[in-house]
Amino acid sequence: MAWQPSGENLKTLAQCLKDSLSAFNKAAQKQAEIMLNQAKASPDINNYLALIFSSSEPPQEFPVTAADWHVVRCAAALMLKNNIKNNYNKIPEQSLALVKLAVPLGLQDKNSQIRSHAGTLATELINKGGIYGWPEFLPELLKMLTNESGQVTPEAQEGAMAAMAKICEDNAKMLEREHNGQRPINFLLPKLIQATRSAIPKVRAHALTAINVFTPRKSQAMLNSIDDLLQHLFALAEDPSIDVRKQVCRAFVNLVETRPDKLLPHIEGLAKYIIAQQKGDDEDLATEAAEFWLTVGEHDNLWRALEPYITDIIPVLLECMVYSPEDIAILGGASDDEDEEDREEDIKPQFAKKKLTRAANGNTAADMAKNGNAFEKVASMEEDDDDLEDGEIDDSESEGDENPDEKWTLRKCSAAALDVFARDFGGPVFTSILPYLQSNLKHADWSYREAAVLALGAVAEGCMDVVVPHLPELVPYLVSLLNDEEPVVRQITCWTLGRYSAWAVSLVDQAEKERYFLPMMDGILKKMLDKNKNVQEAGASAMANLEEKAGKALEPYCGPIIQQYIRCFGKYKDKNMWVLYDCVQTLAEHIGPVLARPELSNQLMPVLLDRWQKVGDESRELFPLLECLSYVAMALGDAFTPYAEPIFGRCIRIIHQNLEQAMKAKTNPDLDQPDEDFLVTSLDLLSAIIQALDNDKASKLVANVQPTFFELMALCMGDQSDAVQQSAYALLGDCAKYVFEQLKPFLPNIMPVVIKRLDMDTILDEEVDNSFSVVNNACWSVGEIALQYKAGMAPFVPQLIQRCVDILSNPRVPGGVSENAAIALGRLGLDNAELVAPHLGNFAEEFLDTMDDVDPSEEKATALRGFTEMVTRNPQAMESVLLHYFSTIANYQELSLQKPVLLELHEAFQNVINVYKQIIPGFGNFLMQMEAKHLELLQRLFAL
């Protein structure tokens, strides 16, 4: 029997939905929210919501105005979407069927907001149930958007196309995946391209939006349709709709990466077209166009094709780098705000920047991206607010006076393109902008002064050689601009000076250093205490940049630098504290043990500890603070001991709290998952402390938190976040190196987790890049454990051999990961050679090829010694690669290694050579097949 609604229930629900959005009657709103929450338990709730949403007119039982009914329908759509999102598997099939009937009705509604809600519901249903859980929907959608019957209204076509775009955005991988021998995208993409011919501008724009989900992806469907798509893009290039032309520009940008060969024959026309779009009045369209220069400039080959047009492009970029009149109205005459507290919304989300990766040479590689890039495009600027529904307000966009420096703009994109072109073409770019600089650096209008300083900074990296002759004149002028009356000019000047700090640092003559470097550093340090907070931030970012360029050359100036930082700690509000931590950690990283001098550490540590005590366990300020302390701990070494225990203990507590919160959130959808960076930065700080302290002290620290420490580490190794796993495996390897006796009892439980993570079959294609960073650290940790655990590794050797060989033989694996896998495999042979030797023929060639790329180090020496122990036990397995192996032996010289390691390796090499002397008749003649230089080395080193 078909479901029938109750008029009374319908009226009650509609009233609650209306009241739930009432801003005028808080009591009614609260009561409505309680009742709606209770209504979720009803098995029919989604039936009623679907009915309300899809009904264009209110029911007789609920006579309200059209405006009020619209509000009720929107509220029903939002509640229905959330029910599908959070409780899809609990919704009865009958209810899902009614919802699926309601969606097409909503797509045909006359109101654009209702159509948008219908598209969102469709996307959510497909996200949860899959395309094949609603197989009739996509064909029905295609019929609507192509107006197959000739009876579909323009509004319905528009609604269907908007829904299709949302579905493509959220389900690209599913549409490309094969199912029963078919890939939906093969049928869908030609239909989308056909839809770009629609007479309805919004249908054309949405069709291109959907297509642009796939233009960056190298699918067979896109390969088959590329020529047809290009014809349509060229036809749409002069479309009267700005939204269409935005998507055309975006398509060209995407195709730069995936099909540059198709764009190259049209590069002249494309250059003229993009210039024309960038010079238009619509800033969003101009920004989309400017992205083309940025993308082509960063392409390995295509940038060369732009060389004939550079003189036409650069003036447009310079013109677009001047603040717009609207921006000038917001920024001009900014007040001194150093004493104003930061608003919470001013402190943008930050992420742990330096995901530690263990390298085969024993060093720690980190992403050294610095704050302060005047045209940095951060993640939050690249992503649309897909989680917002029509009618929901994004707080960050609710104010009309949004700071243009805090969003991705035409100005920033143009400056970034100029930077890329400077690195591509070098000197000619500076020659092109020199007249502009001469006209504008001292311009009376601050916006032109600012743009000229930005342009000068943008070309710093690419044009340094040709700018250097001008720097003795430019740098003093830039230092004087640090006192410009406009804060925005002071701000960009800090950034530009930071970009040229490498030149000032490299000056050899002391008089020149005093004339240029010291005033530059002093000026930047003073701007860290400017009366304007944005200038403070720019000064701190520039100082971090200078520290990175100067390195140990800053040693004589560390006292005054740290004293200024201490003043900043006393003055800064919350937002600028983040970049101040970056200054401190960059200094610690580059001066290292110098920071351990009592006159420096005794000044710095009290202010860091003061922040440590003030910042709560749930504050996002913990991220930069923990990261900063990691670098400070490494710099101080054992001098960090007085501070280690309470910091170590708090990191354990933070990890425990966040893992506990994550487990609760899994079972309760009303709870938010904690930010993974709490775990990442805590794990990294634990690693840093274990490395910094003497081994006995580090062991004692770990012993005091047993068994919690290793239990928490093992949970983090299995966390759903690759970033957390990456840091956890780095910590595991550090524990093996420095506190092995504490780790040893837990290895029987930990090693199976490691082995499972090394299984290449478990890595999904879409997660491959992030997963390789985890696999890298896991391989590294296996090598460190093998070195310490010795024969205790025996139970795990068979599986580890298989995992490491799979990694070595996989061409998709990055070189650094293969190197760590090879070192782990070699080290397994140190104490388990008899177990590994029978498999030698399966990996000897890949092992030697990989080892050729590893720089001499203790890691390489121990791996080669373990490999040689295997060879000694199974010499016949080396027949096909024996000459390669002897060349490896001949070329391995590392005089900086500790003597015992060198002696052990040399002795192992000598033993294996003796083995082959005995089993190869005419051994000397066999060696004559080697390259002469390798043979000479081998004969000299081993007295052959």
Side-chain angles (χ1 to χ4, degrees), residues 351-368 585 589 623 626-635 647-648 651-652 654-655 658-659 676-693 695 698 701-702 709-740 742-743 746-747 750-751 753-758 769-789 807 814 816-821 823-824 827 857-859:
F351 310 94
K353 296 193 297 294
K354 299 179 182 176
K355 304 288 192 283
L356 300 183
T357 304
R358 298 310 197 255
N361 60 8
N363 295 331
T364 298
D367 174 11
M368 292 303 300
Q585 74 183 46
E589 182 180 8
F623 306 158
L626 292 172
E627 191 175 324
C628 176
L629 283 169
S630 296
Y631 282 83
V632 170
M634 294 290 285
I647 292 175
F648 200 88
C651 286
I652 296 290
I654 291 168
I655 292 170
N658 278 266
L659 289 174
E676 67 182 32
D677 283 344
F678 285 110
L679 294 174
V680 170
T681 50
S682 296
L683 289 164
D684 288 346
L685 181 49
L686 292 175
S687 279
I689 293 172
I690 286 172
Q691 292 176 70
L693 269 54
N695 290 0
L701 266 184
V702 173
F709 179 84
F710 289 114
E711 290 173 353
L712 293 177
M713 184 181 74
L715 287 171
C716 291
M717 287 162 56
D719 193 86
Q720 62 183 7
S721 160
D722 284 335
V724 174
Q725 290 184 40
Q726 187 178 334
S727 292
Y729 279 104
L731 177 58
L732 173 63
D734 287 331
C735 288
K737 285 183 76 169
Y738 302 108
V739 294
F740 181 74
Q742 301 299 325
L743 170 65
F746 298 89
L747 284 174
I750 286 176
M751 286 307 301
V753 179
V754 180
I755 291 168
K756 184 179 179 182
R757 194 61 183 88
L758 292 176
D769 292 335
N770 290 333
S771 292
F772 277 142
S773 297
V774 181
V775 172
N776 179 80
N777 282 4
C779 286
W780 174 79
S781 68
V782 168
E784 295 301 328
I785 293 168
L787 205 58
Q788 303 288 341
Y789 206 17
I807 292 168
V817 182
S818 295
E819 290 169 10
N820 273 321
I823 286 170
R827 284 178 164 182
S857 62
E858 186 169 333
E859 281 81 359

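When reading the values below, keep in mind they use all heavy atoms of this one structure, side chains included, and skip hydrogens, waters and symmetry mates.
Q585 is not listed as a side-chain neighbour of V632, based on a closest heavy-atom distance of 4.5 Å or more. Residues F740 and L747 meet the side-chain proximity criterion, which asks for heavy atoms closer than 4.5 Å. Side-chain contact between W780 and I823 is absent, with no heavy atoms from C-beta onward closer than 4.5 Å. Using a 4.5 Å heavy-atom cutoff, the side chains of I690 and K737 are not in contact. Taking 4.5 Å as the limit, every side-chain heavy atom of V782 sits out of range of all side-chain heavy atoms of N820. Inter-residue side-chain proximity for L732 and I785 is flagged as met; some heavy-atom pair is nearer than 4.5 Å. Side-chain contact check for L686 versus I655: some heavy-atom pair is nearer than 4.5 Å. The shortest side-chain heavy-atom distance between S721 and L679 does not fall under the 4.5 Å cut-off.
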Point to revise | Verdict with reasoning, I689 to L629, per side chain to side chain contact (heavy atoms under 4.5 Å, CB included) | key: CA-CA 9 Å; I689 293 172; L629 283 169; over 6 Å; no

Exercise for review: Tell me, with the steps shown, if L626 and I647 meet side chain to side chain contact (heavy atoms under 4.5 Å, CB included).
Suggested key: CA-CA 9 Å; L626 292 172; I647 292 175; 5.7 Å; no

Practice item. Begin with the C-alpha distance, continue with both residues' side-chain angles, and end with the deciding distance and a verdict on side chain to side chain contact (heavy atoms under 4.5 Å, CB included) for E784 and C735. Key: CA-CA 9 Å; E784 295 301 328; C735 288; over 6 Å; no

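Closest non-hydrogen pair, M713 versus I750, comes out as CE-CD1, 3.9 Å. Minimum interatomic distance between A688 and S630 (heavy atoms only, all atoms of both residues): CB-O, 3.4 Å.
Residues that satisfy the side-chain contact (heavy atoms from CB on, under 4.5 Å) test with V753, not counting sequence neighbours, are M717, Y729. Contacts of Y738 classified as ring pair (Phe, Tyr, Trp, His ring centres under 6.0 Å), with partners at least two apart in sequence or in another chain: none.
With S727 as reference, D684 is the one residue of D677, N777, D684 to meet the side-chain hydrogen bond (donor to acceptor under 3.5 Å, both in side chains) rule.
Put simply, CG on L685 and CE on M634 are 11.0 Å apart, with the number rounded to the nearest 0.5 Å. The SG atom of C779 sits 10.5 Å away from atom CZ of R757, with the distance rounded to the nearest 0.5 Å. Atom OG of S682 and atom CZ of F623 lie 9.0 Å apart (nearest 0.5 Å). Remark: Q726 CD to L683 CG distance equals 11.0 Å, nearest 0.5 Å. To the nearest 0.5 Å, atom CG of residue N695 and atom CD of residue Q742 are 11.5 Å apart.
A donor-acceptor pair under 3.5 Å is absent between the side-chain atoms of R827 and the main chain of L787, judged by distance alone.
Ring geometry for F648 versus F709: interplanar angle under 30°, hence parallel rather than tilted (30 to 60°).
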